[in-house]
Amino acid sequence: MAKKTIMLGNEAIARGAYEAGVKVSSAYPGTPSTEISEYLAKYDEVYTEWAPNEKVAAEVAIGASIAGVRSFACMKHVGLNVAADPLYTFSYTGVTGGSLFVVADDPGMASSQNEQDTRMIARAAHVPVLEPSDSQEAKDFVKYGYELSESYDTPVILRTTTKLAHSQSAVELCDRTEVEDRAYERKVAKYVMMPASAIGRHLVVEEREKRMAEDSASFPFNKMEINDKKLGFITCGIAYQYVKEAFPNASVLKFGLVNPISKKLVEDFVSQVETVYVFEELEPVIEEQVRAWGFDVKGKECFTRQGEYSVNLLKKAILGTSDIVFEKEDAPNRPPILCPGCPHRSVFSVLNKLKIHAAGDIGCYTLGAVAPLGVIDTTICMGASISSLHGMEKARGKEYVQNWVAVIGDSTFLHTGINSLINMVYNKATGTVMILDNRTTGMTGHQDHAATGKTLKGEETNAIDFVELCHAVGVKNVIEVNAFDVEKLTAVVKESVASDTLTVIITKSPCVLLKGQKFPNKCVANPEACKKCGMCLKIGCPAITKQADGTVKIDETMCNGCGLCKSYCKFNAIETVEK
């Protein structure tokens, strides 16, 4: 009897890769995709790794595929932008061993800087896309993906979303299929994408996509349910669950293969149903294709392009009412905040005190944009802090950037910051770059990277030395400083921004949430000595609160004893004691 268990969507995807006989997996952590690789690393039969960025992860998977094994790459939607260069060409070369790219979109932008739709990129790259609607399909569609990949000589994208990634449902487990390695054959016209080869391969890609679209009418992961013929929905992914809950008697055409889609299935469905809605999150990818074929359907004129969909959203759009039993009331805004004891807070407090602007990057340090720290002025994408600072200097001159620094984390620096720093060296920049080295990839859940000395599987490995790396690319002035040494950090920043040389400041202090971190001390406020000046409140630590009489209190259950508040108190009203 097959074993069944409850699994997160991400866990089920990992299980699917294991059962499909995947041998090589490479990824860069990014919510909501991160846990897939962490689950997959538990299977010893699969080689798993954290790559420095998604482009590298994609290229590792491509190399493994060409060598003849089933390969796997994993990233979030904005990571696909980084991996797009190899992906577009991989579509042309095709595969030897099957290759699957899992890409997690983030409708509603719970943890992302934009809300792009992976299906749009896949259409442009001529790469097929599968989209599951629950954990069982998440596992099964991974296995289908490898069958498609090898049958049609193409990489395949498995698109998931935040809701699917982090929701649970029952999954039937199967044994691992050990897939025989495919023999590599040297084929210059297939794998060497110089223009003469690429011209021929483009024709192959177009024919492949046409053939797949025609064949997909009989694919098992596309499903037509004819019930009430007055109302029907064309849908996919997690949106299918909302349709089934809101209108259980409606007819449904559910696409598992969302690019390319079957014209025959659409034609059969629309011919049987009186009113058809296309219900898909984010962009009208399916809707536009259906309308282009001349079918009369309703779509984004009824549903938004923004945010996550829901049962209530669907009911309100169709029926004008929903099951909402209470209205959202006005409540105080509660923005996210840096943890008590976070080393980033110390750095930002110094920048705030010196009235210095920061070009920011992707990571926990985006929280330095909000009050009371308020020093992060820009956040664009991974690695952009350094490049944008360079652009400011070239636009406005050296004097302009003496009031700016670039702020980037250790993992992000390895991701795409290194090339930006090389560009500053090569083009004679004079700005100040701050690498906030907290020894982890923090915001996605504390994954290791190339400078932590640990692999995804927890094995000891070489650790990149940032000082040596910066010297190696030509930075002469590299300074390491403890993030909590406020006095020294203040002096270093003041000197660096005023100088005419490119400077890298590396602030070293581990993330307070890292496993094994111990905090022997805590900070205690003395209300009798407190002068009610509010200096300790300016650092924005959530462990510190202002009392009714104007004095401060430190919550000992939250305090990690970093001592930052003590360093800002000029009246010795805060002391550090042993826990």
Side-chain angles (χ1 to χ4, degrees), residues 8-10 30-34 75-81 102-123 129 131-134 138 157-169 233-247 252 254-255 258-259 277-290 297-336 362 366-367 369-370 379-381 443-444:
L8 288 169
N10 279 348
T31 307
S33 71
T34 304
M75 62 205 69
K76 67 183 294 180
H77 63 293
V78 288
L80 186 60
N81 301 336
V102 177
V103 185
D105 284 4
D106 190 14
M109 295 178 282
S111 56
S112 307
Q113 68 268 40
N114 67 36
E115 204 173 22
Q116 71 192 48
D117 192 321
T118 288
R119 297 173 300 168
M120 303 286 281
I121 296 176
R123 285 182 65 179
V129 181
E131 184 170 355
S133 62
D134 58 28
I157 290 174
L158 181 84
R159 180 192 187 229
T160 180
T161 58
T162 306
K163 193 74 74 179
L164 177 66
H166 296 150
S167 61
Q168 300 181 35
S169 59
F233 296 89
I234 299 174
T235 188
C236 61
I238 198 71
Y240 168 76
Q241 304 293 352
Y242 306 144
V243 169
K244 294 300 289 182
E245 184 173 342
F247 297 97
V252 180
K254 174 184 172 293
F255 279 113
V258 296
N259 181 61
Y277 292 86
V278 180
F279 189 63
E280 55 184 327
E281 287 185 318
L282 298 182
E283 298 301 318
V285 175
I286 294 175
E287 178 188 341
E288 287 179 352
Q289 182 62 77
V290 171
V297 296
K298 301 178 185 294
K300 292 300 179 184
E301 72 270 27
C302 304
F303 313 115
T304 178
R305 291 187 183 209
Q306 287 83 41
E308 287 188 313
Y309 281 5
S310 67
V311 172
N312 283 324
L313 179 147
L314 178 57
K315 283 186 173 181
K316 193 167 186 178
I318 305 296
L319 303 176
T321 60
S322 71
D323 295 333
I324 296 176
V325 295
F326 62 90
E327 292 296 328
K328 182 179 177 181
E329 297 182 7
D330 290 336
N333 188 26
R334 297 182 64 187
I362 305 298
T366 56
L367 301 177
V370 297
T379 299
I380 304 163
C381 65
M443 187 167 270
T444 55

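For the pair P284/V278, no side-chain contact is recorded, criterion being any heavy-atom separation below 4.5 Å from C-beta on. Counting only heavy atoms from C-beta outward, the side chains of Q241 and D134 approach each other to under 4.5 Å. Contact check for Q116 versus I121: side-chain heavy atoms found under the 4.5 Å cut-off. Put simply, the side chain of R123 reaches to within 4.5 Å of the side chain of N259, judged on heavy atoms. By the 4.5 Å heavy-atom criterion applied to side chains, P32 and H166 are counted as neighbours.
Qualifying side chain to side chain contact (heavy atoms under 4.5 Å, CB included) partners for E245, counting only residues two or more places apart in sequence or in other chains: V311. Under the side chain to side chain contact (heavy atoms under 4.5 Å, CB included) criterion, L8 pairs with E11, Y39, Q168, sequence neighbours left out.
Residues A165 and T160 come closest through the heavy atom pair N-OG1, 3.9 Å. Between A317 and C302, the closest heavy-atom pair is CB-O, 3.7 Å. Closest approach of L314 and Y242 over heavy atoms only: CD2-O, 3.8 Å. Across V129 and A122, no two heavy atoms sit closer than the pair CG2-CB, 3.2 Å. The shortest non-hydrogen separation linking G307 to E281 is O-OE2, 4.5 Å.
No more than 12 heavy atoms of other residues, nucleotides or ligands lie within 6.0 Å of NZ in K298, so this atom counts as exposed by the packing criterion. Other residues, nucleotides and ligands contribute only 12 or fewer heavy atoms inside 6.0 Å of the CE atom of M120.
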For this session: Before giving the answer on side chain to side chain contact (heavy atoms under 4.5 Å, CB included), spell out for V252 and Y240 the whole-Å C-alpha distance, their side-chain angles and the decisive distance to 0.1 Å.
Result: CA-CA 8 Å; V252 180; Y240 168 76; 3.9 Å; yes

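E280 contributes no side-chain N or O that, together with a main-chain N or O of A239, makes up a donor-acceptor pair within less than 3.5 Å. A donor-acceptor pair under 3.5 Å is absent between the side-chain atoms of K76 and the main chain of S33, judged by distance alone. Counting only distance, with no hydrogens or angles, the side chain of E308 and the backbone of G108 share no donor-acceptor pair below 3.5 Å. Using modelled atom types, no side-chain atom of R159 and backbone atom of D117 make a donor-acceptor pair closer than 3.5 Å. Panel note: side chain E287, backbone V285; no donor-acceptor pair is recorded below 3.5 Å. For Q113 (side chain) and I362 (main-chain N/O), no donor-acceptor pair under 3.5 Å exists by modelled atom type. The main-chain N or O of S133 is never found under 3.5 Å from a side-chain atom of K254 such that the two would form a donor-acceptor pair. Side-chain N or O atoms of K300 include one that pairs as donor or acceptor with a backbone N or O of L282 at under 3.5 Å.
Under the side-chain contact (heavy atoms from CB on, under 4.5 Å) rule, V243 has a single partner from Y309, Y277, F233, which is F233.
To the nearest 0.5 angstrom, T379 atom OG1 is 9.5 Å from L367 atom CG. Taking CG from N81 and CG from N114, the interatomic distance works out to 7.0 Å, rounded to the nearest 0.5 Å. One finds the CD atom of E115 at 11.5 Å from the CZ atom of R305 (value rounded to the nearest 0.5 Å). Taking CG of D106 as the reference point, atom CE of M109 lies at 8.0 Å (rounded to 0.5 Å). Between atom CG of residue D105 and atom CG of residue L164 there is a gap of 11.0 Å, rounded to the nearest 0.5 Å.
Taking the six-membered ring where the residue is Trp, F279 and F303 present perpendicular rings, their angle passing 60° and hence far from 30°.
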